[in-house]
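These figures come from a predicted structure and were not determined experimentally. We use all heavy atoms of the structure for the numbers below, so side chains are in, but hydrogens, waters and symmetry mates are not.
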Amino acid sequence: MYYDDIKENDVVYRCIGDDFDQGILSCGFMRKLTAERSQYDFKIGYYSCFFILQGSGRFISEDGTVIPMQAGDLVQRLPERLHSTEIEPNGEWIEFYMSVGYPVYHYLITLGIINSDKEVQATQVTSDFVIDFAALLNSLKGAADERLPYLLMRAQELMIRLHGSVHYSQREHNDHKISKACQLIGGSNDIHYDMKETAAAVNMGYENFRKLFKATTGVSPQRYHIEHLMKQAKMMLLSGLPIKHVAVGLGYGDIYSFTKQFTKSEGMPPGRYIRNRHR
């Protein structure tokens, strides 16, 4: 499918039963050309989400938090939660959306598939997904009412895939942050290096950074740094540098502090390490 083929509105609204908020099954493509297509102080009783194919804008949450929206983002409209979506008025905005009743939303929340804490999330959606979505749209347009429950199952499957691409993208994004952090920490040969500088460099608060770093590497940022320093210390010691020079070179104020750390990390003081290696 080419985006040029998408009409300003190519949507379908169906409902299973008589209660719209409970039984809605709707999807479609929307091309929003002007700022007038923005929606302010919007609230619905069911669950809806849309994937941005083109364009950018701003999401304003119930508490006034402003979150940028751009192509590749999944944006959630959560039941009974006030929000606004402000479209950049450049004529480029194209989205596809899916809406399902509250019971389906509650079910997916219970399974942990939907993250209601993040209303705007980056994804890694492939072109195959857009093709499958267009197929669902076309099926819904001509389906008899008795076929709607089966199409709801297809919609759920697409929704699960969509949210799965969010989780994958987030893991990849986090891995990139920790990889960058390891490079920064590994580039410091000073025991006084401030880990908060690394957290700031990867755009994270220190506590969240510390938890993510440990979950990813198995050790805290401080422990990772010390292990790196001890590797440096061993290479310096084996190159023939005096223990005092090694201590000063790594930022330790005195030989005692360095020796204490080296012994704790390596199980022996630096002098014995040198003798053992030179036997």
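The two residues Val202 and Lys180 make their nearest non-hydrogen contact at CG1-CD, 4.0 Å. Closest approach of Arg147 to Ala143, counting heavy atoms only: CB-CB, 4.1 Å. Asp254 and Ser257 get closest at one heavy-atom pair: OD1-N, 2.6 Å. Nearest heavy atom pair, residue Phe59 against residue Val120, reads CB-CG2, 3.7 Å. For Ser139 against Arg154, the heavy-atom pair with the smallest separation is OG-NH1, 3.3 Å. Between Ala155 and Met98, the closest heavy-atom pair is O-SD, 4.0 Å.
Note: Lys264 NZ to Thr259 OG1 = 14.5 Å, rounded to the nearest 0.5 Å. One distance of note links CD1 of Ile87 with CE of Met69; it measures 4.5 Å at 0.5 Å rounding. Rounding to the nearest 0.5 Å places CD1 of Ile160 at 7.5 Å from CG of Leu111. Atom CZ of residue Phe96 and atom CG of residue Leu162 lie 6.0 Å apart, to the nearest 0.5 angstrom. Here the CD atom belonging to Glu227 is positioned 8.5 Å from the OG1 atom belonging to Thr217, to the nearest 0.5 angstrom. To the nearest 0.5 Å, atom OG of residue Ser165 and atom CG of residue Leu74 are 7.0 Å apart.
The aromatic rings of Phe209 and Tyr206 lie tilted to each other, with the angle between the two planes from 30° to 60°.
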Could you go through Ile52 and Gln70, starting from their C-alpha distance and side-chain angles, then the distance that decides it, and tell me whether this counts as side-chain contact (heavy atoms from CB on, under 4.5 Å)? CA-CA 7 Å; Ile52 305 172; Gln70 60 187 2; 5.9 Å; no
Would you please test His163 and Leu108 for side-chain contact (heavy atoms from CB on, under 4.5 Å) and show each step? CA-CA 10 Å; His163 282 275; Leu108 295 178; 5.9 Å; no
Would you check, one step at a time, whether the test salt bridge (charged side-chain N to carboxylate O under 4.0 Å, His left out) holds for Arg31 with Asp10? CA-CA 9 Å; Arg31 181 186 288 272; Asp10 187 5; over 6 Å; no
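Hydrophobic clustering of Ile, Leu, Val, Met, Phe, Trp and Tyr side chains at less than 4.5 Å, counting indirect connections, unites Val104 with Leu158. Linking ILVMFWY residues whenever their side-chain heavy atoms come closer than 4.5 Å, directly or via other members, leaves Leu82 and Tyr105 in distinct clusters. Residues Tyr150 and Tyr13 fall into different hydrophobic clusters, defined by Ile, Leu, Val, Met, Phe, Trp and Tyr side chains chained together at heavy-atom separations under 4.5 Å. If you chain together hydrophobic residues whose side chains sit under 4.5 Å apart, Met235 and Leu229 never meet in one group. The same ILVMFWY cluster, assembled from side-chain heavy atoms under 4.5 Å apart, contains both Leu136 and Val130.
Considering only heavy atoms from C-beta on, Gln261 comes within 4.5 Å of Met230 through its side chain. By the 4.5 Å heavy-atom criterion applied to side chains, Glu119 and Leu78 are counted as neighbours. Using a 4.5 Å heavy-atom cutoff, the side chains of Ser26 and Val11 are not in contact. At least one side-chain heavy atom of Asp145 sits less than 4.5 Å from a side-chain heavy atom of Leu148. Put simply, the side chain of Asp21 does not reach to within 4.5 Å of the side chain of Ile44, judged on heavy atoms. Met195 has its side chain within reach of Ile185: a pair of non-hydrogen atoms, C-beta onward, lies under 4.5 Å apart. Using a 4.5 Å heavy-atom threshold, the side chains of Arg223 and Ser265 count as touching. A heavy-atom distance below 4.5 Å is not found between the side chains of Pro270 and Val246.
Of the candidates Phe29, Phe133, Phe50, Phe50 is the only one forming a side chain to side chain contact (heavy atoms under 4.5 Å, CB included) with Tyr97. When each of Arg58, Arg37, Lys32 is tested with Glu86 by the rule salt bridge (charged side-chain N to carboxylate O under 4.0 Å, His left out), just one qualifies, namely Arg58. Residue Glu266 is tested with Arg272, Lys231, Lys234 for a salt bridge (charged side-chain N to carboxylate O under 4.0 Å, His left out); the sole match is Lys234.
Side chain of Asn138 to main chain of Ala135: no donor-acceptor pair is present (N/O by atom type, distance under 3.5 Å, no hydrogens or angles). Of the possible donor and acceptor atoms, one in the side chain of His192 sits under 3.5 Å from a partner among the backbone N and O of Gly251. The main-chain N or O of Ser38 is never found under 3.5 Å from a side-chain atom of Thr85 such that the two would form a donor-acceptor pair. Checked by atom type and distance alone, the side chain of His228 never pairs as donor or acceptor with a backbone atom of Asn189 at under 3.5 Å. At distances below 3.5 Å, not a single donor-acceptor pair connects side-chain atoms of Thr34 with backbone N or O atoms of Pro89. The backbone N or O of His176 lies less than 3.5 Å from no partner atom in the side chain of Ser179, so there is not a single donor-acceptor pair. Side chain of Arg81 to backbone of Ser116: a donor-acceptor contact under 3.5 angstrom is found. Gln76 places a side-chain N or O within donor-acceptor distance of the main-chain N or O of Asn115, the cut-off being under 3.5 Å. With Asp73 contributing its side chain and Val75 its backbone, the two residues share no donor-acceptor pair below 3.5 Å.
Checked against the 6.0 Å centroid threshold, Tyr47 and Tyr107 do not count as a close aromatic pair.
Thr198 and Arg210 form no side-chain donor-acceptor contact under 3.5 Å, judged by distance and modelled atom types alone. For the residue pair Ser220 and Gln222, no side-chain donor N or O sits within less than 3.5 Å of a side-chain acceptor on the partner.
With sequence neighbours excluded, no residue satisfies side-chain hydrogen bond (donor to acceptor under 3.5 Å, both in side chains) with Tyr46. Judged as a side-chain hydrogen bond (donor to acceptor under 3.5 Å, both in side chains), and not counting sequence neighbours, the contacts of Thr65 are Asp63.
Among pairs with a residue in residues 239-258, those fulfilling ring pair (Phe, Tyr, Trp, His ring centres under 6.0 Å) read Tyr252-Phe258, Phe258-Phe262, at least two apart in sequence or across chains.
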